[in-house]
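To keep things clear, I will list the structure first and then write my remarks on it.
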Protein chains: 2
Amino acid sequence: MTDEYAKMNRTLRSAHVEDQMLDYLLRNCKPGDKLPSEFSLAEQFHTSRSTIREVMKSLAAQGMVEIRHGSGTYVISTSASAPDPLHLSGHKDKYRLALELFDVRLMLEPEIAAMAAELRTDRQAAELKRYCDETEDLYLRDEDHMDKDIEFHTCIARCSGNTVVQALIPVIQSAISTFCNVTQRKLKNETIQTHRWITNAIINRDPIGARCAMTAHLAFNRDMIQEMIRERGEV
Amino acid sequence: MTDEYAKMNRTLRSAHVEDQMLDYLLRNCKPGDKLPSEFSLAEQFHTSRSTIREVMKSLAAQGMVEIRHGSGTYVISTSASAPDPLHLSGHKDKYRLALELFDVRLMLEPEIAAMAAELRTDRQAAELKRYCDETEDLYLRDEDHMDKDIEFHTCIARCSGNTVVQALIPVIQSAISTFCNVTQRKLKNETIQTHRWITNAIINRDPIGARCAMTAHLAFNRDMIQEMIRERGEV
DNA sequence: TTACGAAATGCATCTGACGTATGGTATGCA
DNA sequence: TGCATACCATACGTCAGATGCATTTCGTAA
């Protein structure tokens, strides 16, 4: 065992591997993909099969993967978001819920973006950039890019290093995506632009710029919902 | 291996054990209970330690139990609806988690307090005042007032009128109270004072004052945790 | 009484082995 | 040729034992 893990005895090895594995799933996999065998994953992550198995058990319990005896391990979901742990979907008024979600996001995400700008790794910066490109690609082909949007904001949360935020953002995001499904709303080109704006600020290690960009992004979208509510009220 | 499990080779042994374990938890345990060691659980369930470990990993991922290295395995929740929907208590480093929780609270609660100051009803104002009195009472009698603290902040969230916030604050609060149980931390008199400060600002419909008071309250407590981490690091 | 350190307890991880389910391939018969 | 069966490689499931590391407990000494 002479890998770079030895240094960081702060965290448990399995937790470390689980983080890496999640990262790997989010980055390289889509639902239905078959993962390498436990043995080769063990080699790949410089650990033993037992550890891989425990990590997989944990991921399976979270609904991320499915383990089929004699066959292999398969990816179920590539978004880290649990269905609805806060029971938000039981809300009466979808529009008002969406507005409230954006109010909460406006409290959290500008600050998170600022933290991300300070703490991001180069690898994470590249990841953000890739999300921008992919989202734009989906937009141009007029395909649904809601999942990519969730991943983008989740990635920023990951950059911040705050684990509470990392748990929170996907939940809020997926609640919003539910709203979008309900209202058939198509995201505008503006989203692509501000995503790039945010990404550039984070890449340039500009916390204030990142905070501003994120605020603008959220404020713009909040206003769109406000507008929709007004229209609905009049009609 | 001559137990009755041999017959039912339809299902996997670990799944069987997990069911039994869940049953055991729901039936005989309450949150905070310490489970027997992995070794003795293995004996009890007529299986090996590896299998027990995989089951526990799975339960931990579901937020049912928490595994503490060197200490033991503890029951987090005994109901299907976990009071820890974000799996925060499974965090490795309690102190860092507490710090991160306060970082999130500092993003949310000052703004929530400001909203509460604008939107509170008279009845809610009275309720806040009553919480202050009751908390002070418990403090003077040197009894635990953590629950009252949770109710206080939850009440402010309710005043804000934002349902997402109302769902979120209790989750964050109870995660912090877990931390307090771990560290035996006693809240200081300062808490009583700033709770009153916050309450008065909300009663006087002073959003800016409420925001300031809440910020000061949280910043003070965050600093206490920072201090504890420093002490621990040196010792 | 307090502080320090050693022993005991218990989780974390590794190794190696064998059981069992699955899926593909080769064989043989029609 | 086409299909059914047998076989085998792959991969997950489980077990046993050993060692490392973290936490807790407790006895001893200052």
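Every chain is numbered from 1, with letters handed out A, B, ... down the list of sequences.
- Here A/Thr51 reaches the OP1 or OP2 of C/dC14: one of its side-chain N or O atoms lies under 4.0 Å away.
- Nearest to the side chain of B/His69, among C/dA12, C/dC14, D/dC12, sits C/dA12.
- Regarding A/Glu18, its CD atom lies at a distance of 11 Å from the P atom of C/dT13, rounded to whole Å.
- Side chain of A/Glu38 to backbone of A/Arg53: no donor-acceptor contact under 3.5 angstrom is found.
- Nucleotide D/dT25 holds its C1' atom 16 Å from the CZ atom of B/Arg68, rounded to whole Å.
- Between the side chain of B/Arg49 and the base of C/dG10 there is no donor-acceptor pair of N/O atoms closer than 3.5 Å.
- When the nucleotides C/dT13, C/dA12, D/dC15 are ranked by their closest atom to the side chain of B/Ile67, C/dA12 comes out on top.
- Here D/dC15 is the nucleotide among C/dG10, D/dC15, C/dC14 with the atom lying nearest to any side-chain atom of B/Thr47.
- The residue among A/Glu54 and A/Tyr74 whose nearest nucleotide of DNA chain C is located toward the 5' end is A/Glu54.
- With distances taken from any side-chain atom of A/Ser37 to the nucleotides D/dG13, D/dA11, C/dC14, the minimum falls on D/dA11.
- Rounded to the nearest 0.5 angstrom, B/Ile172 CD1 and B/Ile176 CD1 are separated by 7.5 Å.
- In this structure, the CD atom of B/Glu38 is 11 Å from the P atom of C/dT13, given to the nearest Å.
- Rounded to whole Å, atom C1' of D/dT10 lies 12 Å from atom CZ of A/Phe39.
- With rounding to whole Å, A/Leu41 atom CG is found 12 Å from D/dC12 atom C1'.
- A donor-acceptor pair under 3.5 Å is formed between the side chain of A/Arg120 and the backbone N or O of A/Ile203.
- In this structure, A/Phe45 atom CZ and C/dA12 atom P are separated by 20 Å, rounded to whole Å.
- Checked against D/dC12, C/dT15, D/dT14, the side chain of B/Ser48 finds its nearest nucleotide in D/dT14.
- The side chain of A/Thr73 places an N or O atom within less than 4.0 Å of a non-bridging phosphate oxygen (OP1 or OP2) of D/dC12.
- Taking a cutoff of 4.0 Å between a charged side-chain nitrogen and a carboxylate oxygen, A/Asp206 and A/Arg211 do not qualify as a salt bridge.
- Counting to the nearest Å, the P atom of C/dT22 and the NZ atom of A/Lys34 are 13 Å from each other.
- Taking the side chain of A/Ser71 as heavy atoms from C-beta on, and the options C/dT22, C/dC14, D/dA11, the nearest nucleotide is C/dT22.
- Between A/Arg53 and the phosphate of D/dG13, there is a side-chain N or O to OP1/OP2 separation shorter than 4.0 Å.
- The CE atom of B/Met56 sits 13 Å away from the P atom of C/dG10 (whole-angstrom rounding).
- Taking a cutoff of 4.0 Å between a charged side-chain nitrogen and a carboxylate oxygen, A/Glu151 and A/Lys148 qualify as a salt bridge.
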